[in-house]
Number of protein chains: 2
Amino acid sequence: MTDQLSEVPDEGVTRRAARSQEDILEVATAEFAANGYAGARVDEIAARTRTTKRMIYYYFGSKEALYLTVLERVYAQIRRVERGIQIDELSPTEALRKLAEATYDHHTTHEMFIQLVSIENIHRAEHLQQSETILRENATAITLLEQVIERGVREGIFRDDVDALDVHMMISAYACFHVANRHTFAAIFKRDMLDPALQPSHRRLIGDMIVATMADRRNRRTVP
Amino acid sequence: MTDQLSEVPDEGVTRRAARSQEDILEVATAEFAANGYAGARVDEIAARTRTTKRMIYYYFGSKEALYLTVLERVYAQIRRVERGIQIDELSPTEALRKLAEATYDHHTTHEMFIQLVSIENIHRAEHLQQSETILRENATAITLLEQVIERGVREGIFRDDVDALDVHMMISAYACFHVANRHTFAAIFKRDMLDPALQPSHRRLIGDMIVATMADRRNRRTVP
DNA sequence: GTCTATATATCGATAGAC
DNA sequence: GTCTATCGATATATAGAC
C-alpha cells in the first residue's frame with residue numbers, strides 16, 4: 001500500500017490526506033460520543049490521532065463542523081444497514097420480527113451512534129437540522145415498514161390503527177433504551193442490559209412485543 | 001417547574017436562605033437539562049437567579065455538587081409519583097396498563113428529568129453512583145410491578161418468562177423515547193411525539209403494548 | 001500539508017470587604 | 001450571608017515558518 005502510494009505522488013498525497021481525515025473522524029466520533037459536544041476536547045482528539053490540532057481545523061474548519069461530519073457519518077452507517085434488510089419472502093409477522101431484530105442488533109452493536117443521538121437531542125437536534133443529507137435520506141427507513149404493515153392489515157392479521165411511524169417508534173424506543181440508558185439502569189437495578197447472557201431473550205422479546213401488539217386484532221377499526 | 005420539589009428547610013437555616021437555595025436549584029435544573037453538564041454555565045445560572053455566583057459556591061461548593069443535588073431532586077420527584085400509584089382493586093391486566101400509563105404521564109410532563117437521565121448516561125452514571133439515596137430508594141419502584149406480574153402469572157393470564165425488570169424496561173423505553181428522542185425524531189420524520197393531539201392514542205398504545213406482550217400465553221414455560 | 005507557538009476568550013472557583 | 005472584582009486554568013482557534 002505505502003509503496004504503491006509513493007509511486008504515484010499526486011494520488012499518494014490525496015489518499016494520505018483522506019486517510020488522515022478518516023483517522024480524525026474515527027477518534028472524534030469516540031470523543032464526542034463519550035463526552036458530549038461541549039465536553040469533547042479538540043486537543044484530546046488531536047492527541048489520539050497521528051495528526052495535529054492544526055490539521056483538524058485545516059480539514060474541518062471548526063469543532064462544530066467536525067461534530068456535524070461525525071454525525072453524518074454514523075447516520076450514513078445505519079442507513080446502509082437498513083438498506084441491506086431483505087424481507088421479500090417473509091410473512092408480515094415474520095417481516096416485522098426481522099425488522100425489530102435488525103434494529104436491536106444494530107443499536108446494541110453501535111453504542112456510539114446511540115450516544116451521539118442522545119447528545120444531539122440534548123441540543124434539540126440543531127446540528128442535525130443543518131444536514132440536508134440526514135434529513136433527506138434517513139426518513140426512507142420507514143417505507144419498508146409501511147409496506148409490511150399495509151400487507152398485514154390487508155391480510156387481516158394486523159390492527160389498522162397504528163401506523164408505520166408508531167411501530168418504528170416502539171422498535172427504536174426498545175432498542176435505544178438498552179444502550180442509551182444502560183448506565184443509570186445498571187446503577188439502580190443492578191442489571192446490565194447489554195450483558196451477552198441476556199441478549200437472546202431480549203432479542204426475542206422485542207419481536208414478541210411488536211408482533212403481539214400489531215396482531216391484537218381487537219383494535220381494528222374496520223373489518224377485514 | 002410547577003411541582004413541589006422543595007424540602008423542609010433545616011432549623012438552622014433562615015427561610016430566606018432556603019428559598020434562595022431552592023431558587024438556584026430550580027434554575028440549575030433547567031440549565032443542566034438544556035445544555036448538559038459541561039455545557040451548563042454557572043455564570044448563566046447565577047444570572048437567572050436573584051443571588052450571585054458567589055452564593056452558589058457558598059451553598060453547594062462546586063458545579064459538580066450542584067449538579068448532583070439537581071439529580072437527587074428530580075429522582076426524588078419521580079419516587080413520589082411512583083409511591084402514589086394505587087392498583088389495589090385492579091386485575092393484573094388493568095394494573096399493568098395503569099402502571100404503564102402513569103409512567104407515560106410522568107415522563108411526558110417532566111422533560112427535564114428525562115434530559116438529565118440522558119445526560120447522566122452520557123457520563124456513564126458516574127454522578128448517580130455517588131448518590132446513595134437514589135441508588136437505595138429508586139430501585140423500590142419495581143416491587144409493585146413484581147406483585148402485579150406474580151399475580152398475573154399465578155392466575156394463568158400472563159406469560160412467565162418475562163420478569164418485572166423486563167416489563168419496567170419496556171415501559172420506560174417507550175415513555176423515555178417520546179421525550180428523550182423527540183427532536184431527532186421530529187427532524188427526520190416530521191412528527192412531534194409530544195403533540196397533544198397524539199397523546200391519547202400514544203397513551204393507549206403503551207398500555208396495549210405491555211398487555212399484549214404479557215398476555216401472550218404461548219410463551220409460558222409452565223402450564224398454569 | 002504540516003509543524004510550533006500563541007492569541008483570544010471563557011469558565012470554574014476564590015479573595016476579601018461588609 | 002452577600003457583594004464586587006479577579007485569579008488561574010483551560011478551551012477554541014489562528015499565525016506564520018517550512
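Here is the naming used below: chain letters follow the sequence lines, and residue numbers restart at 1 for every chain. Because the structure is predicted, anything quoted here is derived from the model rather than measured.
In summary, A:Arg204 and A:Glu101 do not engage in a salt bridge, as defined by a charged side-chain N under 4.0 Å from a carboxylate O.
Residues satisfying the ring pair (Phe, Tyr, Trp, His ring centres under 6.0 Å) criterion with A:His202, sequence neighbours excluded, are A:His178. Every side chain to side chain contact (heavy atoms under 4.5 Å, CB included) that B:Thr51 has, sequence neighbours left out, goes to B:Ser20, B:Ile24, B:Thr49, B:Met55. Residues passing the ring pair (Phe, Tyr, Trp, His ring centres under 6.0 Å) test with A:Tyr67, sequence neighbours excluded: A:Phe32, A:Tyr37, A:His127.
Under the 3.5 Å distance criterion, the side-chain polar atoms of A:Glu31 are left unmatched by any main-chain donor or acceptor of A:Val42.
Ring-plane geometry between B:Phe113 and B:His107 is classed as tilted, the angle between the planes lying from 30 to 60 degrees on a 0 to 90 degree scale.
Across the protein-nucleic acid pair, A:Met55 atom CE and C:dT4 atom P stand 13 Å apart, rounded to whole Å. Atom CG in B:Leu66 sits about 10 Å away from atom P in C:dA13, given to the nearest Å. Counting to the nearest Å, the C1' atom of C:dC11 and the CD1 atom of B:Ile56 are 13 Å from each other. Atom NZ in A:Lys63 sits roughly 14 Å away from atom C1' in C:dA9 (whole-Å rounding).
Of the candidates C:dC3, D:dT2, D:dA13, D:dA13 carries the atom nearest the A:Ser62 side chain, counting heavy atoms from C-beta on. The side chain of B:Arg16 approaches D:dT2 more closely than any other nucleotide in the set D:dT2, D:dA13, C:dT2.
Other residues, nucleotides and ligands place no more than 12 heavy atoms under 6.0 Å from the CD atom of A:Glu132. Within 6.0 Å of CZ on A:Arg191 lie more than 12 heavy atoms contributed by other residues, nucleotides or ligands.
Listed pair A:Tyr58 / C:dC3 fails the phosphate criterion, with no side-chain N or O lying under 4.0 Å from OP1 or OP2. Side-chain N/O atoms of B:Thr52 include none lying less than 4.0 angstrom from OP1 or OP2 on D:dT2.
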Give every donor-acceptor pair under 3.5 Å between a side-chain atom in residues 133-140 of chain B and any protein atom, sequence neighbours left out.
unit_1   : atom_1 : unit_2   : atom_2 : d
B:Asn138 : OD1    : B:Arg79  : NH1    : 2.7
B:Asn138 : ND2    : B:Tyr75  : O      : 3.3
B:Thr140 : OG1    : B:Glu137 : O      : 2.6

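B:Phe60 comes within 4.0 angstrom of no nucleic acid atom, judged by non-hydrogen atoms across all strands.
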Filtered N/O pairs between nucleotides 14-18 of chain D and protein, under 3.5 Å:
unit_1 : atom_1 : unit_2  : atom_2 : d
D:dA15 : N6     : A:Arg54 : NE     : 3.4

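Residues of residues 22-48 of chain A that place a heavy atom closer than 4.0 Å to DNA chain C do not occur.
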